[in-house]
Amino acid sequence: MRFRQIEVFYAVYTTGSISAAARSLHVSQPSVSKVLHHTQSQLGLTLFTLVRGRLVATDEAHALFLEVAEIFKRLTSLQKTVSNIKNLGGSHIRLAVVPSLGLHVAPMAIMRFRREHPEVTFDVQTLHHDNLFEALYERTCDIAVAYDPPAHPRMQRRELDTGELMLLFQKGSLPDVGASVPLRLLDGQDMVGLTTSGPVGDLFAAEVQRHNVSIREVVSNQTFYIAAALTRCGAGMAVVDEFTARASIDEATAFRPFDPAIRFKVECVYLEDRPPSKAADVFVATLASTLREMRVATE
């Protein structure tokens, strides 16, 4: 099967009709029908049948789709990589950050950077740690910023700052809280979002186990800012990174660090054979200074 045949089969299978497939591919219905008919004839398989006027995939089509879906994904990734290569340049920065840095830190750093370098443009996305290497490899980003990012033989890392985990809570729930809180304070408590994915979530889980603290997780999620939103709505206390905590406080919500502190590194990562451009290097320095300044401003 050639790519056009794969593309047409994939479109028909996922949309369920010739007309919908044609619209998704921006071609005519006869064109789709012709390619599909040729594909079935070439393979010697019946991939779709008409049942009461509806196109229904056969068992052979279901089996073929398992392979085609993976091939289509890789071919789409190849096309995206080619497109990104064409648009590479020092005046455009493709940035990926973990969601919590996308709340306030990254937007502030971009604003500061573009004030000095208005000719530089950005493409910004948020992603989780598991997707870092794929995004860099497929050139959907040039640099990524994350917390204790996982090691990979092709990735280089540059430490920007450190951060720490915070307890976010509604002020009425801890009226006599001090400047910091011991981890044992969480023993037996109903908590929100303690199982965030990634290295920082693993770090906190290890500390809870090491101190033999028992926590009842009433709402689980994989994004710190969702945990913070739940806390602001009164669903319970949450453990989040300090950047999410600083962006989430209001008249009724506060945060405190743990004693002893639970710290992690904030690092910029990129592929070893594709180091940051000069513009990206300058932006990374701006981001690092923004991290430090925002911490001081809220202490």
Does the pair Arg4 and Glu7 meet the rule for a salt bridge (charged side-chain N to carboxylate O under 4.0 Å, His left out), with working shown? CA-CA 5 Å; Arg4 187 57 176 170; Glu7 190 177 39; 2.6 Å; yes

Verdict with reasoning, Arg139 to Leu271, per side-chain contact (heavy atoms from CB on, under 4.5 Å): CA-CA 10 Å; Arg139 294 182 185 261; Leu271 290 187; over 6 Å; no

Run the side-chain donor-acceptor check on residues 168-175: report pairs under 3.5 Å with partners two or more places apart or on a different chain.
from   : atom 1 : to     : atom 2 : distance (Å)
Gln170 : NE2    : Arg232 : O      : 3.0
Lys171 : NZ     : Glu251 : O      : 3.0
Ser173 : OG     : Gln170 : O      : 2.6

For the CD1 atom of Ile262 and the NE2 atom of His211, what is their distance to the nearest 0.5 Å? 7.5 Å

Short N-O contact, Glu207 and Arg210, less than 4.0 angstrom: yes

Would a single hydrophobic cluster contain both Val56 and Tyr10, if residues Ile, Leu, Val, Met, Phe, Trp and Tyr are joined by side-chain heavy-atom contacts under 4.5 Å? no

Quick one: does Thr39's side chain get under 4.5 Å of Val8's, heavy atoms only? no

Please find the pair of heavy atoms, one from Ala144 and one from Leu132, that lie closest to each other, and give the distance. CB-CD2, 3.4 Å

Residues that Arg158 engages under side chain to side chain donor-acceptor pair (under 3.5 Å), provided they are two or more places apart: Asp281

For His37, does its backbone N or O pair with a side-chain atom of Ser41 as donor and acceptor, under 3.5 Å? no

Do Ile71 and Tyr137 share a hydrophobic cluster (ILVMFWY, side-chain heavy atoms under 4.5 Å, transitive)? no

To the nearest 0.5 Å, what is the distance between CD on Glu217 and CG on Asp190? 11.0 Å

Minimal heavy-atom distance between Ala254 and Ile249, with the atoms involved, is CA-CG2, 4.1 Å

According to the interplanar angle, ranging from 0 to 90°, do the rings of Phe264 and Phe243 count as parallel (below 30°), tilted (30 to 60°) or perpendicular (above 60°)? perpendicular

Take atom CD in Glu119; do more than 12 heavy atoms of anything else shown fall under 6.0 Å from it? yes

Do you reckon Val35 sits in the same ILVMFWY cluster as Leu50, going by side-chain contacts under 4.5 Å, direct or chained? yes

Flag, side chain of Asp187 to backbone of Ser214, donor-acceptor distance under 3.5 Å: yes

Working to the nearest 0.5 angstrom, can you tell me the gap between Arg112 CZ and Glu116 CD? 11.0 Å

Give the table of side-chain donor-acceptor pairs shorter than 3.5 Å for residues 23-30, with sequence neighbours excluded, one pair per line with atom names and distance.
from  : atom 1 : to    : atom 2 : distance (Å)
Ser24 : OG     : Ala21 : O      : 2.8
Ser28 : OG     : Ser31 : N      : 3.3

Atom OH of residue position Tyr225 - does it have more than 12 heavy atoms of other residues, nucleotides or ligands inside 6.0 Å? no

Residues at least two apart in sequence or cross-chain that pass side chain to side chain donor-acceptor pair (under 3.5 Å) with Ser19, listed by chain then number, are Ser17

Check step by step if side-chain contact (heavy atoms from CB on, under 4.5 Å) holds for Phe283 and Ile110. CA-CA 8 Å; Phe283 172 73; Ile110 291 171; 3.8 Å; yes

Heavy-atom side-chain contact between Phe224 and Leu103 under 4.5 Å: no

Heavy-atom distance under 4.5 Å between the side chains of Met294 and Arg246, does that happen here? no

Please confirm whether the backbone N or O of His38 pairs with a side-chain atom of Gln5, one donor and one acceptor, at under 3.5 Å? no

Short side-chain to backbone donor-acceptor contact, Thr140 and Ala135, under 3.5 Å: yes

State, to 0.1 Å, how close Thr223 and Pro99 come at their nearest heavy-atom pair, and which atoms those are. CG2-CB, 3.9 Å

Sequence neighbours left out, what passes side chain to side chain donor-acceptor pair (under 3.5 Å) with Thr231? Give chain and number order. none

When you compare the side chain of His152 with that of Arg154, does any pair of heavy atoms fall below 4.5 Å? yes

Distance, nearest 0.5 Å, that separates CD of Glu272 from CG of Leu136: 13.0 Å

Short side-chain to backbone donor-acceptor contact, Glu242 and Met166, under 3.5 Å: no

Counting N and O atoms only, with roles assigned by atom type, does the side chain of His117 sit under 3.5 Å from a partner on the main chain of Phe113, one being a donor and the other an acceptor? no

Going through the checks in order, is the side-chain contact (heavy atoms from CB on, under 4.5 Å) test met by Gln40 and Thr46? CA-CA 6 Å; Gln40 292 183 119; Thr46 299; 4.3 Å; yes

Minimum heavy-atom separation for Pro149 and Arg157, please, with both atom names. O-NH1, 2.9 Å

Per-pair distances, 0.1 Å, donor-acceptor, side chain in residues 59-69, under 3.5 Å, sequence neighbours excluded:
from  : atom 1 : to    : atom 2 : distance (Å)
Glu60 : OE1    : Thr58 : OG1    : 3.2
His62 : ND1    : Tyr13 : OH     : 2.7

Report the distance from atom CG of Leu291 to atom CG of Leu160, rounding to the nearest 0.5 Å. 6.5 Å

When you compare the side chain of Phe255 with that of Val240, does any pair of heavy atoms fall below 4.5 Å? no

Check whether any side-chain heavy atom of Glu293 sits under 4.5 Å from a side-chain heavy atom of Met108, and report yes or no. no

Other residues, nucleotides, ligands: >12 heavy atoms within 6.0 Å of Asp273 CG: yes

Compare every heavy atom of Ile143 with every heavy atom of Ala280, then report the nearest pair and how far apart it is. CB-CD1, 4.3 Å

Closest non-hydrogen atom pair between Ala261 and Glu164, with its separation: CB-OE1, 3.5 Å

Given side-chain contact (heavy atoms from CB on, under 4.5 Å), test Leu186 with Val239 step by step and report yes or no. CA-CA 10 Å; Leu186 306 184; Val239 176; 4.0 Å; yes

Please state whether the rings of His129 and Tyr147 are parallel, tilted or perpendicular, taking 30° and 60° as the class boundaries. tilted

Do Val200 and Asp241 have side chains that approach each other closer than 4.5 Å (heavy atoms only, starting at C-beta)? no

From SG (Cys268) to CE (Met155), nearest 0.5 Å: 10.5 Å

Arg263 side chain vs Thr162 backbone, donor-acceptor pair below 3.5 Å: no

Side chains of Leu127 and Val98: does their closest heavy-atom pair fall under 4.5 Å? no

Is Arg274 salt-bridged to Asp142, going by a charged N under 4.0 Å from an acidic O? no

Would a distance-only check, ignoring hydrogens and angles, find a side-chain to backbone donor-acceptor pair under 3.5 Å from Asp148 to Lys265? yes

